Enquirer: 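Take a look at the following structure, please.
For clarity, every value in this text was computed on a predicted model and none was experimentally measured.
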Amino acid sequence: MSNKGKFYITTPIYYPSDKLHIGHAYCTVATDVMARYKRLTGYDVMFLTGTDEHGQKIEDKAREAGVTPKQYVDNIVEGPRGVLDLWKLMNISNDRFIRTTDDYHEHAVQKIFRQLYEQGDIYKGTYKGKYCKPCESFWTESQLVDGKCPDCGREVQDAEEEAYFFRLSKYADRIRDLLENTDFLEPRSRVNEMINNFIKPGLEDLCVSRTSFTWGVPVDFDPGHVVYVWIDALSNYITALGYDNDKYNDYDKYWPADVHFVGKEIVRFHSIIWPAILMALNLPLPKKVFGHGWLLLDGGKMSKSKGNVVDPYLLSERYGVDALRFFLLRTFPFGSDGNFSNEALIGTINTDLANDLGNLLSRTVSMVGKYFEGGTLPAGQAADALDDELIALASGLRDKYEAAMERFAFQDALSEVFKLISRANKYIDETAPWVLSRDEANRPRLARVMYNLLESLRISAVLLTPFMPGTAAEILRQIGACPCCSDWESAGKWGALSATVTVTRGGNLFPRIDVEKELAALEELEAQARKAALPAVEVEPFLEEQVDFDTFCKSDFRAVKVKACENVKKSNKLLKFTLDDGSGTDRQILSGIAMYYKPEELVGKTLVAIINLPPRKMMGQESCGMLISAVHTEHGEEKLHLLMVDDAIPAGAKLC
RNA sequence: CGCGGGGUAGAGCAGCUUGGUAGCUCGUCGGGCUCAUAACCCGGAGGUCAGAGGUUCAAAUCCUCUCCCCGCAACCA
């Protein structure tokens, strides 16, 4: 394999305030595919990912959970089913993983901050904002909701705090030139967004320190200040290579980055702030920033609050990592948003992977085994004009694939591969090997047909390797490809596979999925997950208003005994109680609790009722009073318990 | 007039930069095959490309306006 030089690629460092979702997986898989592709083609690749672990939100989350911020992020990053587990499961081949809480990074950030301060690119000023006293939180004008605190809705007041600022404005012209006149930022549509929204209105200096929280890298020359996200997080791309630290020593080798893959919401930080910081540090700029689209759910974005976060861990376990990896890049154009759905996922697995690719391998290997002793093709094969189209398509595939990959057009690259897979399936129909097999004279021809199919599979498998490493290896194993006909070089050459190859029948690559059943199962799982995400127990908020003693005393609570209880006809909520209230006359009360109790289990119980409410008709029957219950919410579900008291209490006993 | 993206067959999407027969997947209808994971192959039906106007010999594609959906607006990929 020829060494073409280095390739440094990064994902954003994710914010571990919660478990990662399918959107994070999308970005990371795309980066992984690119990294594997570059390695395949002979580059020395450095692939970096990591986590951005400081900030107010994590400080808050940790407090809620009753742990230290470090314990909190440790759990999400290193804990069970955490970030590291997820990337391992998804077969992510990152060479390095950076956490912004790593010592070497923190020290480097302090050095960078100090350098920028000493050379005048960072200065001390005041940060003006709005302050909510009860919440002890700073807000910017734009964060306010109707001019009030977005958290509690109360009035806010003007406030100032001391802060350090980065002279972003100084670099405005150079940034504008970078965006408008180079292909630094892609896709191109993102450039307009940046220019119109941020450059044209004028770049303001950027607040790069905080005193309102402590979970961050301390500014070492000014206690009380912590470095804010910009310098802390963005600089990971160079500190992870060893910039300003002794942990690593690869800065000179790999910087500048060849591409930063980022989500569209952080394009601004990577295309404006990050280059400006690098300009100030007098360092080379990354060659490219690519802002990919989002995975949407039901047309809207994913968010915890919508309770619609899809769990990549679960999907990987259920369908296999390769299927999920493939689906993410096959289905959605990388530069724009895509609609994630379980139907689409299962549909893609069935159509592309099971029916087309899996079945092609299965039928091909099976025929070779059936028609040729020991699954070995004989020498002396007979070509035919019928083969030309297939061979031409397969021979030209690598170049088309490469062109698409170089544009980060994963969807197009896969689409090209599947054109060949499709063509090969058709080729089987055209050549009808089962007909050839009936006459021994056709043996040379039959062997050639099989060889052509194996060759098509081989080239496809090599090119699928970055997307589905495990699957591609299994295909190559089954068709008997040796390492020398499994590399990038060989993918561009028809005929690399030995003519007398021996195949090995294996299991099905991707079993077909029963769509209906599977969707129902997934919905059930997601419902459970949603439920688990809701608070375990919630109770009604307490009333602020006071009730005076006399009013309270007017409510006549009594112990009552259930003499009979039955469902009310045509009602699915109401139970009809016949009660002994100690007066000697039966009392009838209707209560809307049929979904919580069966009538027969209540007979004989001693309950509590208020008996001096005005009688009220429900479903044509009179209810004289109300039974008292305790209510609360569990995982979003209403729960109710009738108040049952000691049976030693006689009917009619007054509660006071 | 804050900015950006989008509105193309029943569903989901590509095509739009560089105008010239409207394409893919699923679904549906019909046919073929039997090697294979009830998979594979062929064919049909189904679209006034959101609406209106303009440029042009020619517009889904370029320009103008209108309507609708979504996202962003200092840190959720």
Enquirer: In whole Å, what is the span from the CZ atom of A:Arg363 to the P atom of B:rU37?
Expert: 10 Å
Enquirer: Whole angstroms only, please: what is the CG-C1' distance between A:Leu509 and B:rA36?
Expert: 13 Å
Enquirer: Does B:rA39 have its OP1 or OP2 closer than 4.0 Å to a side-chain nitrogen or oxygen of A:Asn425?
Expert: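 For B:rA39, neither OP1 nor OP2 has a side-chain N or O of A:Asn425 closer than 4.0 Å.
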Enquirer: Give none if B:rC72 has no partner; otherwise give the nucleotide forming a Watson-Crick or G-U wobble pair with it, both distances under 3.5 Å.
Expert: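 Answer to the pairing question: B:rG2, which forms a Watson-Crick or G-U pair with B:rC72.
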Enquirer: With a 3.5 Å limit on both atom pairs, tell me what B:rU55 is paired to, counting Watson-Crick and G-U wobble, or say none.
Expert: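 Pair assignment: B:rU55 / none.
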Enquirer: For A:Glu389, does the CD atom have more than 12 heavy-atom neighbours from other residues, nucleotides or ligands under 6.0 Å away?
Expert: no
Enquirer: Let me know the distance between NZ of A:Lys419 and P of B:rC24, rounded to the nearest Å.
Expert: 11 Å
Enquirer: Taking the minimum atom-to-atom distance to the side chain of A:Ala354, which one of B:rA36, B:rA77, B:rU37 wins?
Expert: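 So the side chain of A:Ala354 is nearest to B:rU37.
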Enquirer: Have a look at A:Arg407 and say if it touches a base, only the backbone sugar-phosphate, or nothing, with a 4.0 Å heavy-atom cut-off.
Expert: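 If one applies the 4.0 Å heavy-atom cut-off, A:Arg407 turns out to touch nothing in the nucleic acid.
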Enquirer: The side chain of A:Ser366 lies closest to which of these nucleotides: B:rA74, B:rC35, B:rC13?
Expert: B:rC35
Enquirer: Within the 4.0 Å heavy-atom criterion, would you say A:Phe269 contacts the bases, only the backbone, or no part of the nucleic acid?
Expert: sugar-phosphate
Enquirer: How close or far is atom P of B:rG12 from atom CG of A:Leu295, stated in whole angstroms?
Expert: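 The answer, rounded to whole Å, is 16 Å.
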Enquirer: Applying the ring-ring contact (aromatic ring centres under 6.0 Å, His included) criterion to A:Phe332, which one of A:Phe410, A:Trp294, A:Phe327 satisfies it?
Expert: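 So, applying the ring-ring contact (aromatic ring centres under 6.0 Å, His included) to A:Phe332 and each of A:Phe410, A:Trp294, A:Phe327, only A:Phe327 qualifies.
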Enquirer: For a quick check of understanding: with a heavy-atom distance under 4.0 Å over all strands, which category does A:Asp356 fall into, base, sugar-phosphate or nothing?
Expert: sugar-phosphate
Enquirer: Rounded to whole angstrom, note down the C1' distance from B:rC24 over to B:rC49.
Expert: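 These two C1' atoms come out 15 Å apart once rounded.
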Enquirer: Under a plain distance cut-off of 3.5 Å, with no hydrogens placed, do A:Thr100 and A:Asp232 share a side-chain donor-acceptor pair?
Expert: no
Enquirer: Evaluate side-chain contact (heavy atoms from CB on, under 4.5 Å) for A:Asn452 paired with A:Met450, printing each intermediate quantity in order.
Expert: CA-CA 5 Å; A:Asn452 288 342; A:Met450 288 301 117; over 6 Å; no
Enquirer: Consider the side chain of A:Met367, meaning its heavy atoms from C-beta on, and name the nucleotide among B:rA77, B:rU37, B:rC35 that approaches it most closely.
Expert: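 Of the options given, the side chain of A:Met367 lies nearest B:rC35.
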Enquirer: Could you tell me whether A:Arg505 contacts a base, only the sugar-phosphate backbone, or nothing, with contacts defined as non-hydrogen atoms closer than 4.0 Å?
Expert: sugar-phosphate
Enquirer: Return the value, rounded to whole Å, for the distance between atom CG of A:Asp352 and atom P of B:rC13.
Expert: 16 Å
Enquirer: Looking just at side-chain N and O atoms, do A:Thr28 and A:Tyr14 make a donor-acceptor pair shorter than 3.5 Å?
Expert: yes
Enquirer: In terms of side-chain heavy atoms of A:Trp294, which of B:rU34, B:rA77, B:rC41 is nearest?
Expert: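 It is B:rA77.
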Enquirer: With nearest nucleotide decided by heavy atoms, which residue, A:Arg330 or A:Ser422, maps closer to the 5′ end of RNA chain B?
Expert: A:Arg330
Enquirer: To the nearest Å, give me how far apart CE (A:Met90) and C1' (B:rA77) are.
Expert: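 Taking CE of A:Met90 and C1' of B:rA77, I get 13 Å after rounding.
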Enquirer: Determine: side-chain N/O of A:Asn350 to OP1/OP2 of B:rC26, distance under 4.0 Å, yes or no.
Expert: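 Checking B:rC26 against A:Asn350, no side-chain N or O comes under 4.0 Å of OP1 or OP2.
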Enquirer: Quick one: does A:Thr348's side chain get under 4.5 Å of A:Leu353's, heavy atoms only?
Expert: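 No, side chains not in contact.
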Enquirer: What does B:rA50 pair with, Watson-Crick or G-U, if both distances are under 3.5 Å?
Expert: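 Looking at the geometry, B:rA50 pairs with B:rU66.
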Enquirer: If you check every side-chain atom of A:His21, which of B:rA36, B:rA77, B:rU25 has the closest atom?
Expert: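 Taking heavy atoms from C-beta onward, the closest nucleotide is B:rA77.
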Enquirer: Would you kindly give the CG-to-P distance between A:Leu386 and B:rC41, to the nearest whole Å?
Expert: 16 Å
Enquirer: Ignoring backbone atoms, establish whether A:Arg512 has a side-chain N or O less than 4.0 Å from OP1 or OP2 of B:rA38.
Expert: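 So the side chain of A:Arg512 is outside the cut-off, no N or O lying under 4.0 Å from OP1 or OP2 of B:rA38.
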Enquirer: What nucleic acid atoms does A:Tyr15 come within less than 4.0 Å of, heavy atoms only: base, sugar-phosphate, or nothing?
Expert: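 Sugar-phosphate: the residue A:Tyr15, judged by heavy atoms under 4.0 Å, touches backbone atoms but no base.
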Enquirer: Can you check whether A:Arg438 has a side-chain N or O nearer than 4.0 Å to OP1 or OP2 of B:rU34?
Expert: yes
Enquirer: Once rounded to the nearest 0.5 Å, what's the spacing between atom CD1 of A:Ile238 and atom CG of A:Leu48?
Expert: 12.0 Å
Enquirer: Categorize A:Asn359 for me: base, sugar-phosphate, or nothing, with a 4.0 angstrom heavy-atom threshold over every strand shown.
Expert: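 Base contact.
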Enquirer: What nucleic acid atoms does A:Leu361 come within less than 4.0 Å of, heavy atoms only: base, sugar-phosphate, or nothing?
Expert: nothing
Enquirer: Mind checking whether A:Phe418 and A:Phe326 have parallel, tilted or perpendicular rings, split at 30° and 60°?
Expert: tilted
Enquirer: Under a 3.5 Å cut-off for both contacts, is B:rC40 paired Watson-Crick or G-U wobble with anything, and if yes, with which nucleotide?
Expert: B:rG32
Enquirer: For RNA chain B, whose closest nucleotide is more 5', that of A:Ser362 or that of A:Val262?
Expert: A:Ser362
Enquirer: For the side chain of A:Thr351, counting heavy atoms from C-beta on, which of B:rA77, B:rU25, B:rC40 is nearest?
Expert: B:rU25
Enquirer: Using a cut-off of 4.0 Å on non-hydrogen atoms, how would the nucleic acid contact of A:Gly347 be classed: base, sugar-phosphate, or nothing?
Expert: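 No contact.
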Enquirer: Select base, sugar-phosphate, or nothing to describe what A:Ala344 touches, counting heavy atoms under 4.0 Å on all strands.
Expert: nothing
Enquirer: Measuring only the P atom in each nucleotide, how far is B:rU66 from B:rG71? A whole number of Å is fine.
Expert: 23 Å
Enquirer: Using the side-chain heavy atoms of A:Lys370, tell me which of these nucleotides is nearest: B:rA36, B:rA77, B:rU37.
Expert: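 Nearest to the side-chain atoms of A:Lys370, counting from C-beta on, is B:rA36.
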Enquirer: Rounded to whole angstroms, how far apart are CG on A:Asn508 and C1' on B:rA36?
Expert: 9 Å
Enquirer: Counting Watson-Crick and G-U wobble pairs only, both distances under 3.5 Å, name the nucleotide matched with B:rU21, or none.
Expert: none
Enquirer: Searching all strands shown, indicate the nucleotide that pairs with B:rA14 (Watson-Crick or G-U wobble; both distances under 3.5 Å).
Expert: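 Matched B:rA14 with nothing under the 3.5 Å cut-off.
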Enquirer: Classify the nucleic acid contact of A:Leu360 as base, sugar-phosphate or nothing, counting any heavy atom under 4.0 Å across all strands shown.
Expert: nothing
Enquirer: Determine the interatomic distance between C1' on B:rC68 and the same-named atom on B:rA45; round to the nearest Å.
Expert: 30 Å
Enquirer: Is the distance from OP1 or OP2 of B:rC42 to the nearest side-chain N or O of A:Lys426 less than 4.0 Å?
Expert: yes
Enquirer: Quick one: label A:Phe261 by what it contacts on the DNA or RNA (base, sugar-phosphate, nothing), any heavy atom closer than 4.0 Å.
Expert: nothing
Enquirer: For the residue pair A:Glu518 / A:Tyr319, report whether a side-chain donor-acceptor contact shorter than 3.5 Å exists.
Expert: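 The answer is yes; a qualifying pair exists.
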